[in-house]
Amino acid sequence: MEFLRPTTWAEALAAKADQPEAVPIQGGTDVMVEINFDVHRPVALLDLNQVAELARWEFTGDGYRVGAGVPYVRIIEELGGALPGLAQASRTVGSPQIRNRGTVGGNLGAASPAGDSHPPLLAAGAVVEVESAARGVRMIPAHEFYLGVKRSALEPDELIRAVRLGGASGPQYFSKVGTRNAMVIAVCSFAIALHPEEGRVGTGIGSAAPTPRRALEAEDFLARELDWGARLDPGVLGRFGELCAGAASPIDDVRGTADYRRHAIAVMARRTLTWAWNDYRKARAA
């Protein structure tokens, strides 16, 4: 196995162009597990830890650009106020050691349907910034990034450079069901983001379909039925949960049954919408 260690972004792109089969590695929290268990034996590893720009984030004027190498712990500590949904999801990732090493860029690269960062990225309308030496930068909306179980829209010579998100314009929440309270792969997960100025709500479902996905029918329903100046109607809340559960297409596996996952998605959808709506109403009354 070759070990490639570029020190600049240009060198990283050149290495990926030269060896498209090289697997990028930053925190290694997914890649090393697969190697250790002989699930995958890549011909080359592309170590991106020396590429300093990947470990930076910035406010761009209309939102935030978070480098693919920014670890979860920094998202929690430095971006919790601006990107609360993503920060909440980051708090649920693994152990403190994994949160110190793991990154949203790595989560995207693995494209596992159970990845914790995917639902809040979908709910917030994130865009994934990727680049290749041959074609330059490409912006992929998060809802177009996931193509199948551990398959993404990345081309073989592309690397993930950053994730772009607008700062939270309203309350955001993330909820996750696991077989225990810590260090657990999600049985299923759900994220919500209120966008009051646009009169809409964003959603994200994790670990309940071949890919992370939005509950589009549920989002359209709330756009029609929510009265942003009133209390949350119980009928609207219940129907929202049903539509979110209907958007999932889960399987039975060792972590849970399909029926349980649908039920849990409905419960999490109702709870997160209630929490977010209560926060929204309190902020308006203040």
Side-chain angles (χ1 to χ4, degrees), residues 1-58 64-75 86 89-90 93-94 97-118 121 126-142 144-165 185 211-212:
M1 183 189 301
E2 259 193 285
F3 191 73
L4 311 174
R5 203 177 193 199
T7 58
T8 68
W9 181 244
E11 289 177 1
L13 292 178
K16 186 64 169 164
D18 186 56
Q19 293 199 54
E21 69 278 10
V23 173
I25 183 169
Q26 189 97 35
T29 58
D30 284 317
V31 172
M32 292 308 300
V33 171
E34 291 192 345
I35 291 174
N36 288 340
F37 283 91
D38 277 330
V39 174
H40 186 204
R41 183 66 58 175
V43 298
L45 288 177
L46 180 59
D47 179 14
L48 299 174
N49 280 284
Q50 300 304 308
V51 183
E53 74 165 81
L54 295 180
R56 300 192 195 101
W57 64 264
E58 62 179 329
Y64 291 82
R65 181 180 180 275
V66 182
V70 176
Y72 293 115
V73 68
R74 288 185 54 207
I75 291 173
L86 185 58
S90 297
V93 174
Q97 294 91 335
I98 292 173
R99 291 192 291 274
N100 276 321
R101 295 293 299 162
T103 65
V104 173
N107 222 199
L108 285 164
S112 166
D116 292 322
S117 70
H118 305 315
L121 293 178
V127 175
V128 185
E129 179 184 333
V130 306
E131 188 172 359
S132 72
R135 294 180 306 282
V137 175
R138 189 161 65 105
M139 299 293 186
I140 309 174
E144 297 177 6
F145 185 80
Y146 312 103
L147 300 184
V149 177
K150 296 191 175 182
R151 292 194 301 112
S152 74
L154 274 177
E155 296 294 339
D157 64 342
E158 287 181 323
L159 292 171
I160 299 169
R161 189 170 188 173
V163 178
R164 294 176 178 263
L165 306 92
I185 298 173
T211 66

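The analysis underlying the following values was restricted to heavy atoms, covering all of them including side chains, and did not include hydrogens, waters or symmetry mates. In this text the structure is predicted, and so the values were computed from the model without any measurement.
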### Message
If we ignore hydrogens and angles and just use 3.5 Å, is the side chain of His118 paired with the main-chain N or O of Ala142 as donor and acceptor?
### Response
no
### Query
Under the 3.5 angstrom rule, does the side chain of Arg99 hit a backbone N or O of Gly94 as a donor-acceptor pair?
yes
### Query
Taking atom CG of Leu48 and atom CD1 of Ile160, what is their separation to the nearest 0.5 Å?
10.0 Å
### Query
Are any of the side-chain heavy atoms of Leu159 and Val130 separated by less than 4.5 Å?
no
#### Entry: Side chains of Arg56 and Val70 in contact at under 4.5 Å (non-hydrogen atoms)
no
### salt_bridge(Arg65, Glu129) N-O dist < 4.0 Å
yes
### Message
Please enumerate all residues that pass ring pair (Phe, Tyr, Trp, His ring centres under 6.0 Å) together with Phe145, with sequence neighbours excluded.
### Response
none
### Message
Taking Ser132's backbone N and O only, do any of them form a donor-acceptor pair with Asp157's side chain (distance below 3.5 Å, no angle check)?
### Response
no
### Minimum side-chain heavy-atom gap Val163-Val127 below 4.5 Å
no
#### Entry: Considering all heavy atoms, the nearest Ser117-Leu86 contact
CB-CD1, 3.9 Å
### Query
Closest heavy-atom contact between Pro42 and Ile35?
CD-CG1, 4.0 Å
#### Entry: CD1 (Ile185) with more than 12 external heavy atoms under 6.0 Å
no
### Query
Of the non-hydrogen atoms in Val23 and Val31, which two are nearest, and what is the gap between them?
CG1-CG2, 4.0 Å
### Query
Of the non-hydrogen atoms in Ala17 and Ala133, which two are nearest, and what is the gap between them?
CB-CB, 4.2 Å
### Query
Hey, are the side chains of Glu131 and Leu13 touching, using non-hydrogen atoms and a 4.5 Å cut-off?
yes
### Message
So Ile75 and Ser90, do their side chains get closer than 4.5 Å, heavy atoms only?
### Response
yes
### Query
With under 30° as parallel and over 60° as perpendicular, where do the rings of Tyr64 and Trp57 fit, or are they tilted in between?
tilted
### Summary
For residues 18-28, the side chain to side chain donor-acceptor pair (under 3.5 Å) pairs (sequence neighbours left out) are Glu2-Gln19
### Message
So which atom in Arg161 and which in Leu54 form the shortest heavy-atom distance, rounded to 0.1 Å?
### Response
O-CD2, 3.5 Å
### Query
So, do Leu165 and Leu121 sit near enough that their side-chain heavy atoms are less than 4.5 Å apart?
yes
### Task
Drop me the distance from Ile140's CD1 to Leu108's CG, to the nearest 0.5 angstrom.
9.5 Å
### Summary
Taken to the nearest 0.5 Å, the spacing of Leu46 CG from Glu11 CD works out to 10.5 Å
### Query
Donor-acceptor pair, Tyr72 side chain versus Thr103 backbone, under 3.5 Å?
yes
### Message
Closer than 4.0 angstrom, basic N to acidic O: yes or no for Glu158 and Lys16?
### Response
no
### Query
Looking at CD of Glu144 and CE of Met139, how far apart are the two atoms once the value is rounded to the nearest 0.5 Å?
13.5 Å
### Task
First locate atom CD of Glu34, then atom CZ of Arg41, and finally report the distance between them rounded to the nearest 0.5 Å.
11.0 Å
#### Entry: Partners passing side-chain contact (heavy atoms from CB on, under 4.5 Å) against Arg5 (at least two apart in sequence or in another chain)
Phe3, Asp47, Gln50
#### Entry: Shortest non-hydrogen contact between Gly28 and Ile25, atoms and distance
CA-CG1, 3.7 Å
### Query
Does any non-hydrogen side-chain atom of Val66 lie less than 4.5 Å from one of Val104?
no
### Query
Within a strict 4.5 Å, meaning less than it, do heavy atoms of the Val149 and Pro113 side chains meet?
yes
